[in-house]
Amino acid sequence: MATGSRAPRRRRPRSPLTLIDDLVREIFLRVPVDDPVTLVRGAAGCRSWRSMLSAPNFARDYRKARSAAPVLGFLHNTTSEPEDRFASSHFVSTAAFRFRPPAYEDLSRWDVLDSRHGLALLHAPKSKRNKGFVVCDLVTSQRWKFGDPECYNVMWWPHGDHMDKRIRCSATVLCAKAQCDQLDCHGDGGPFRVALVGTDYRNLRSHATVYSSETREWRDTISVHNLDFVNGRGNSAVVGNKVYVQCVESDKVVEYNTHEQKLSLITLPFEDQEGIDESIDLMGVDDGSLLFASVLKAKLCLWTMEAGPGGAAGWARRWAIELKPSLPARFLTDRANTLVGFAEGVGVIFLSTRAGLYAIELNSGKGNKVHKGFFDKVIPYRSFCTRAIGGLADLARAVSRRTGASVLEQ
């Protein structure tokens with residue numbers, strides 16, 4: 001052996017306890033997304049497991065092992081008769097377990113507008129107590145409040161009915177993180193934007209502005225000539241930095257580029273689709289393309305659209321899903337059947353019928369009843385419960401000791 005050389009250092013074997021912890025971690029990483037109860041119970045039952053499961057790297061690894069965040073439930077508003085005034089908003093769990101977000105208990109008097117990336121966007125109807133917007137993470141209970149922009153005639157009806165206290169423009173919450181994959185974009189409380197798109201009927205123009213959580217300011221309002229009114233209560237769609245909003249009874253879609261601050265109109269190619277006659281009534285996103293859907297007789301008809309230069313557009317894909325296997329026979333052709341919500345990222349459309357609310361999977365065509373009520377609009381809420389395992393475990397123990405119930409129930 002040469003002088004000064006050292007014998008190779010032997011690698012010290014890992015202790016049995018470390019190996020067991022690694023094995024337990026791998027087991028927990030394989031727990032299905034629709035079974036967070038197992039993770040919460042594990043964190044509540046053992047201190048070392050609580051430390052493991054509530055660590056940021058576990059939540060990050062758990063999310064990256066999945067293709068999309070699960071749908072934990074949906075949000076919706078209720079109104080009172082006869083003025084159809086806003087009454088309250090609600091969260092309804094549709095998961096295999098019952099998720100009850102504690103953060104929503106004091107937000108029921110806020111008008112829910114949108115939800116994406118684990119965030120819910122709400123606005124306070126005109127009142128002395130609450131004002132402006134709030135963005136809330138229903139899992140971690142984090143919330144951000146900010147005031148209204150200075151565009152009164154876009155948000156409210158000028159000289160309108162004082163009984164209608166809800167904003168009339170479209171409001172969309174979107175992630176401001178570069179190259180968002182909808183998995184880990186808001187796991188660390190990342191930045192977000194809120195885009196407003198509405199119409200001022202006095203000058204027949206559509207206006208838009210965007211709020212940034214980074215600057216805590218609204219951008220200057222921009223506008224484009226538009227003879228049609230923006231559908232303030234319809235579905236919006238987000239592709240990258242662009243927000244898409246439909247117009248009422250029109251073949252126009254407003255495109256708002258929040259990054260470049262550009263507003264433009266896209267004409268839908270209705271004349272290219274026989275039998276549609278401008279009846280497409282739901283918009284979302286499928287694999288990066290705009291998705292439109294409509295119920296025609298006993299079928300759910302779907303189209304994806306590709307936007308071309310100069311506002312031109314063309315249908316990229318068309319297909320239909322038979323509703324007969326999912327709905328009761330007497331409700332198949334009921335005119336009350338209405339598409340009321342779309343869960344982007346997981347390909348689920350919500351269909352409201354007199355028989356109840358159904359979730360239709362676009363890939364398999366299967367549908368299942370998730371609620372017995374009838375809804376005008378539902379806003380799906382998707383998120384990973386792993387972002388708040390430690391807090392949920394502590395809350396579960398406290399609630400169990402106090403009431404015998406659980407925040408997460410089977």
Side-chain angles (χ1 to χ4, degrees), residues 77 79 84 86 111-116 121-123 125-126 133 148-161 164-174 193-211 218-270 278-285 290-294 305 307 311 313 338-342 344 376-379:
N77 296 308
T79 55
D84 194 32
F86 170 78
D111 184 12
V112 61
L113 305 173
D114 191 36
S115 177
R116 279 180 181 81
L121 172 64
L122 303 96
H123 185 265
K126 290 182 180 178
F133 293 87
D148 295 340
E150 296 181 359
C151 52
Y152 184 91
N153 291 334
V154 177
M155 293 183 61
W156 311 95
W157 285 111
H159 317 296
D161 184 1
D164 185 6
K165 299 182 178 181
R166 306 165 70 187
I167 63 172
R168 62 179 179 85
C169 62
S170 172
T172 305
V173 60
L174 60 155
R193 296 191 184 106
V194 172
L196 302 183
V197 181
T199 302
D200 187 342
Y201 79 96
R202 302 171 308 170
N203 56 19
L204 298 178
R205 298 187 70 84
S206 291
H207 299 255
T209 182
V210 63
Y211 174 85
W218 291 94
R219 295 287 298 270
D220 292 338
T221 302
I222 60 175
S223 67
V224 65
H225 182 69
N226 185 8
L227 297 177
D228 301 303
F229 287 93
V230 167
N231 186 356
R233 289 292 158 182
N235 283 72
S236 61
V238 176
V239 180
N241 293 313
K242 297 178 180 179
V243 176
Y244 296 87
V245 182
Q246 282 185 278
C247 295
V248 179
E249 298 181 355
S250 169
D251 61 349
K252 297 292 192 301
V253 170
V254 179
E255 178 188 84
Y256 179 28
N257 189 322
T258 61
H259 181 69
E260 299 179 1
Q261 281 296 92
K262 292 182 179 180
L263 201 60
S264 56
L265 297 178
I266 295 177
T267 302
L268 301 179
F270 284 118
E278 304 185 13
S279 62
I280 298 177
D281 50 22
L282 182 72
M283 181 171 61
V285 176
L290 286 181
L291 174 73
F292 297 86
S294 182
M305 189 195 75
T338 309
L339 299 177
V340 294
F342 179 66
E344 296 180 1
D376 294 325
K377 179 180 179 180
V378 300
I379 301 173

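Position 1 is the first residue of the sequence; numbering continues from there. Note that this is a predicted model, so its numbers are computed, not measured.
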Considering only heavy atoms from C-beta outward, does the side chain of Val194 approach that of Leu121 to under 4.5 Å?
-> yes
Look only at the side chain of Asp251 and the backbone of Thr267, and say whether a donor-acceptor pair between them is shorter than 3.5 Å.
-> no
Do Val238 and Arg116 come within less than 4.5 Å of each other through their side chains, counting heavy atoms only?
-> yes
Not counting sequence neighbours, which residues clear ring-ring contact (aromatic ring centres under 6.0 Å, His included) with Tyr256? List them please.
-> none
Thr199 side chain to Val230 backbone, donor-acceptor under 3.5 Å | yes
Using the salt bridge (charged side-chain N to carboxylate O under 4.0 Å, His left out) rule, collect all pairs that involve residues 219-239, keeping only residues at least two apart or in two chains.
-> Asp111-Arg233
Evaluate side-chain contact (heavy atoms from CB on, under 4.5 Å) for Tyr211 paired with Arg193, printing each intermediate quantity in order.
-> CA-CA 5 Å; Tyr211 174 85; Arg193 296 191 184 106; over 6 Å; no
Between Asn226 and Cys247, what is the shortest heavy-atom contact and its length?
-> ND2-SG, 3.5 Å
Side-chain contact, heavy-atom cut-off 4.5 Å: Val253 with Val245?
-> no
Whether over 12 other heavy atoms sit under 6.0 Å from Glu150 CD | no
Side chain to side chain contact (heavy atoms under 4.5 Å, CB included) with Val239: which residues, sequence neighbours excluded?
-> Tyr244, Val285, Leu290
Taking only residues two or more places apart in sequence or in another chain, which ones pass side chain to side chain contact (heavy atoms under 4.5 Å, CB included) with Ser223?
-> Arg205, His207
Would you find a donor on one side and an acceptor on the other, under 3.5 Å apart, between the side chain of Ser206 and the backbone of Val224?
-> no
Is the side chain of Ser250 donor-acceptor paired with the backbone N or O of Lys252 at a distance under 3.5 Å, no angle test?
-> yes
Under the ring-ring contact (aromatic ring centres under 6.0 Å, His included) test, residues paired with Phe342 that sit two or more places apart = none
Does Asp148 have any salt bridge (charged side-chain N to carboxylate O under 4.0 Å, His left out) partners at least two apart in sequence or in another chain, and if so, which?
-> none
Considering non-hydrogen atoms only, spot the tightest contact between Asn231 and Gly234 and give its length.
-> OD1-N, 3.1 Å
Assess whether side-chain contact (heavy atoms from CB on, under 4.5 Å) is satisfied between Arg166 and Asn77, documenting all intermediate values.
-> CA-CA 11 Å; Arg166 306 165 70 187; Asn77 296 308; 3.4 Å; yes
side-chain contact (heavy atoms from CB on, under 4.5 Å) assessment of Phe133 paired with Leu122 = CA-CA 6 Å; Phe133 293 87; Leu122 303 96; over 6 Å; no
For Thr209 and Cys151, work out which heavy atoms get closest and say how close.
-> CG2-SG, 4.3 Å
Please examine the side chains of Glu255 and Val243, heavy atoms only from C-beta on, and report whether any two atoms are closer than 4.5 Å.
-> no
